[in-house]
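We count residues from 1, following the sequence as given. All values reported here derive from a predicted model rather than from experimental measurement.
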Amino acid sequence: MPTVPAARLMDGTALARRTVEETAARAAEITRRTGTAPCLATVLVGEDPASVTYVRMKRARCEKAGIRSRHMELPAATSTEELVATLTGLSQDSEVNGILLQHPVGPHIDERAAFEAIAPEKDVDGVTMTSFAAMSFGLPGFESCTPGGIMRLLDAYDVNPSGKRAVVVGRSAILGKPAGMLLLARDATVTYCHSRTTGLSEIVAEADILVAAVGRPRFIRGEDIKPGAVVIDAGYNPGNVGDVDFDTAAERASLITPVPGGVGPMTIAVLLAQTVDAAERQLGL
Ligand SMILES: Nc1nc2c(c(=O)[nH]1)N[C@@H](CN(C=O)c1ccc(C(=O)N[C@@H](CCC(=O)O)C(=O)O)cc1)CN2
């Protein structure tokens, strides 16, 4: 028998819908006042099927929200220099309010150099070092979209990270690391774990808030989860499988995000919201 009632679902689809509706109203106001809708530039390198799908989803949501998207598809063989030049051009283009470079790019590309070619004021995906620093210090700026979506989900379900033990499993530049920083900025006690962490089960078992962002299907087992924990599954593995073994985790958690329908939709909602934030700031509205 479970020691606590079965977990309540954190509905990312519903929260994302509300967030996109609010964003659409703000985008419409910009269009009304300036005669031009906010614009997100999307850059895709290569033809990775998952990336193609994610960029398509982002552009479709933009259209629904009254945000223009300008799409650029670059061949897989694009060099770092060519990609940097493209992103520098978009950074200087006054018609573009926000820029998204879909991750991952090919292994021959210096992805960090490419991200850094995005002007900080257009970094609506929150991937530059400037944005990371702002996140880390709790200063205004653009949040990395999935971590930003996680924080919005926690707020929507009245989970205050202050004083809680948060364990982030994963240390990627756009997910694990910034997720930990946002939790730290909200006064959680944060532990990062990764593929070389020893004694992972014991650390996971201490988490009041667990963020699974390791990129391995069902890597976190329910038996390791502290009864009553809040479990955020930020995994997006093929076949819409998360990083958490949902059925066993849901028996112990108090709140849990499903995959699909949890963190994923919020990633896109935050991207749109931050595109409108960028447009408002650039236009002085
Ligand atoms: N530049 C970036 N690249 C990547 C990011 C990012 O935030 N910025 N995140 C991930 C993937 N990703 C967005 O790009 C993403 C993944 C999953 C979803 C999502 O909504 N998933 C749905 C299910 C999708 C489906 O039905 O096919 C869900 O979880 O409900 C959105 C965005 C890597 N790259």
Engineer: Drop me the distance from T257's OG1 to L15's CG, to the nearest 0.5 angstrom.
Structural biologist: 12.0 Å

Engineer: Find out whether V159 and L255 are in side-chain contact, i.e. whether some heavy atom of one side chain is under 4.5 Å from a heavy atom of the other.
Structural biologist: yes

Engineer: Taking atom CD1 of I220 and atom CG of D245, what is their separation to the nearest 0.5 Å?
Structural biologist: 10.5 Å

Engineer: Quick one: do D277 and R26 make a salt bridge, cutoff under 4.0 Å?
Structural biologist: yes

Engineer: For the backbone of R8 and the side chain of Y157, can you confirm whether one donor and one acceptor N or O come within less than 3.5 Å of each other?
Structural biologist: no

Engineer: Do the side chains of T130 and D123 get nearer than 4.5 Å, heavy atoms only?
Structural biologist: no

Engineer: Please check if the side chain of N97 supplies one atom and the backbone of C39 the other of a donor-acceptor pair under 3.5 Å.
Structural biologist: yes

Engineer: Atom OG1 of T191 and atom CG of L183: how far apart are they, to the nearest 0.5 Å?
Structural biologist: 11.0 Å

Engineer: Is any NZ, NE, NH1 or NH2 atom of the basic residue among E121 and R281 found under 4.0 Å from an Asp or Glu carboxylate oxygen of the other?
Structural biologist: no

Engineer: Distance-only, no hydrogens or angles: does the Q274 side chain make a donor-acceptor pair with backbone N or O of E143 under 3.5 Å?
Structural biologist: yes

Engineer: Taking salt bridge (charged side-chain N to carboxylate O under 4.0 Å, His left out) as the definition, give me every residue that meets it alongside K164, ordered by chain and number, with sequence neighbours left out.
Structural biologist: none

Engineer: Is the shortest heavy-atom distance from the side chain of R221 to the side chain of S201 under 4.5 Å?
Structural biologist: yes

Engineer: List the atom of G12, the atom of P265, and the distance in Å for their closest heavy-atom pair.
Structural biologist: O-CB, 3.9 Å

Engineer: Shortest non-hydrogen contact from L101 to D125?
Structural biologist: O-OD2, 4.2 Å

Engineer: Counting only heavy atoms not in R218, do more than 12 sit closer than 6.0 Å to its CZ atom?
Structural biologist: no

Engineer: Establish whether L285 and F142 are linked, either directly or via other cluster members, by ILVMFWY side-chain heavy-atom contacts under 4.5 Å.
Structural biologist: yes

Engineer: Ignoring hydrogens and angles, tell me if any N or O in the side chain of N237 forms a donor-acceptor pair with the backbone of G242 under 3.5 Å.
Structural biologist: yes

Engineer: Go through the steps for L154 and M151 under the test side chain to side chain contact (heavy atoms under 4.5 Å, CB included), then give the verdict.
Structural biologist: CA-CA 5 Å; L154 292 175; M151 300 311 289; 4.2 Å; yes

Engineer: Looking only at atom types and distance, does a side-chain atom of E111 sit under 3.5 Å from a main-chain N or O of V105, one as donor and one as acceptor?
Structural biologist: yes

Engineer: Please report the closest heavy-atom contact between A37 and T31, naming both atoms and the distance.
Structural biologist: CA-OG1, 3.3 Å

Engineer: Just so I know, are the side chains of R171 and S195 near enough to count as touching, which here means a heavy-atom distance under 4.5 Å?
Structural biologist: yes

Engineer: When you compare the side chain of L74 with that of T86, does any pair of heavy atoms fall below 4.5 Å?
Structural biologist: yes

Engineer: May I ask you to decide if L175's main-chain N or O and S172's side chain share a donor-acceptor pair within less than 3.5 Å?
Structural biologist: yes

Engineer: Taking atom types as modelled, is there a side-chain donor on D110 or T80 under 3.5 Å from an acceptor on the other?
Structural biologist: no

Engineer: Would you say H71's side chain and R56's backbone share a donor-acceptor pair under 3.5 angstrom?
Structural biologist: no

Engineer: Please report the closest heavy-atom contact between A119 and S91, naming both atoms and the distance.
Structural biologist: N-OG, 2.9 Å

Engineer: Under the side chain to side chain contact (heavy atoms under 4.5 Å, CB included) criterion, do L83 and V43 qualify, and how do the steps go?
Structural biologist: CA-CA 9 Å; L83 182 55; V43 180; 4.0 Å; yes

Engineer: Students often mix this up, so state it plainly: with edges at 30° and 60°, are the rings of F115 and H103 parallel, tilted or perpendicular?
Structural biologist: tilted

Engineer: With a 4.0 Å cut-off on N to O distance, would you call R70 and E95 a salt bridge?
Structural biologist: yes

Engineer: Quick one: do F219 and V169 satisfy side chain to side chain contact (heavy atoms under 4.5 Å, CB included)? Show the steps, please.
Structural biologist: CA-CA 10 Å; F219 185 69; V169 186; 4.3 Å; yes

Engineer: Which value, rounded to the nearest 0.5 Å, describes the distance between E206 atom CD and I225 atom CD1?
Structural biologist: 14.0 Å

Engineer: I'd like to know if the side chain of Q282 pairs up with that of K122 as donor and acceptor (distance under 3.5 Å, no hydrogens or angles considered).
Structural biologist: no

Engineer: Verify the cluster assignment for L182 and F137: are they in a single hydrophobic cluster under the rule of side-chain heavy atoms below 4.5 Å apart?
Structural biologist: no

Engineer: What's the shortest heavy-atom distance between A234 and A213, and which atoms?
Structural biologist: CB-CB, 4.2 Å

Engineer: Using the side-chain hydrogen bond (donor to acceptor under 3.5 Å, both in side chains) criterion, which residues pair with R152? Sequence neighbours excluded.
Structural biologist: none

Engineer: For E63 and R59, what are the C-alpha separation, side-chain angles and deciding distance, and is it a salt bridge (charged side-chain N to carboxylate O under 4.0 Å, His left out)?
Structural biologist: CA-CA 6 Å; E63 196 180 334; R59 298 188 67 217; over 6 Å; no

Engineer: What's the separation between atom SG in C145 and atom CG in L271, rounded to the nearest 0.5 Å?
Structural biologist: 4.5 Å

Engineer: Quick one: do the S131 and T128 side chains pair a donor with an acceptor below 3.5 Å?
Structural biologist: yes

Engineer: Looking at D208 and K226, is any side-chain nitrogen of the basic one under 4.0 Å from a carboxylate oxygen of the acidic one?
Structural biologist: yes

Engineer: Taking the side chain as C-beta and beyond, is there a heavy-atom pair between L40 and R68 under 4.5 Å?
Structural biologist: no

Engineer: Per the side chain to side chain contact (heavy atoms under 4.5 Å, CB included) rule, which among V241, I256, V263, D243 passes with D233?
Structural biologist: D243

Engineer: Can you name the closest pair of heavy atoms from G148 and V270 and give their distance?
Structural biologist: C-CG2, 3.9 Å

Engineer: Quick one: does any side-chain atom of E82 pair with a main-chain N or O of S79 as donor and acceptor, under 3.5 Å?
Structural biologist: yes

Engineer: Nearest 0.5 angstrom please: T275 OG1 to K58 NZ, how far?
Structural biologist: 10.0 Å

Engineer: Judged by atom type as modelled, is there a donor-acceptor pair below 3.5 Å linking the side chain of T248 to the main-chain atoms of G222?
Structural biologist: yes

Engineer: If we count only N and O atoms by modelled type, under 3.5 Å, do the side chains of T42 and S69 hold a donor and an acceptor together?
Structural biologist: no

Engineer: Has the side chain of S51 got a donor or acceptor atom that lies under 3.5 Å from a matching backbone atom of L44?
Structural biologist: no

Engineer: Going by an N to O cut-off under 4.0 Å, is there a salt bridge joining R186 and D155?
Structural biologist: yes

Engineer: Flag yes if V190 and V230 sit in one hydrophobic cluster, no otherwise; membership is Ile, Leu, Val, Met, Phe, Trp, Tyr, and two members link when side-chain heavy atoms are under 4.5 Å apart.
Structural biologist: yes

Engineer: Check for me, please, whether M129 and M135 land in the same ILVMFWY cluster - side-chain distances under 4.5 Å, paths through other members count.
Structural biologist: no

Engineer: Find out whether E116 and I118 are in side-chain contact, i.e. whether some heavy atom of one side chain is under 4.5 Å from a heavy atom of the other.
Structural biologist: no

Engineer: Are the side chains of I67 and T23 in contact, using a 4.5 Å heavy-atom criterion?
Structural biologist: yes

Engineer: Determine whether C193 and V168 satisfy the following criterion, side chain to side chain contact (heavy atoms under 4.5 Å, CB included), listing intermediate values before the conclusion.
Structural biologist: CA-CA 6 Å; C193 301; V168 180; over 6 Å; no

Engineer: Just jot down the side-chain contact (heavy atoms from CB on, under 4.5 Å) partners of A133, sequence neighbours excluded, or say none.
Structural biologist: none

Engineer: For residues V124 and V127: do they belong to one hydrophobic cluster (side chain heavy atoms under 4.5 Å, members Ile, Leu, Val, Met, Phe, Trp, Tyr)?
Structural biologist: no

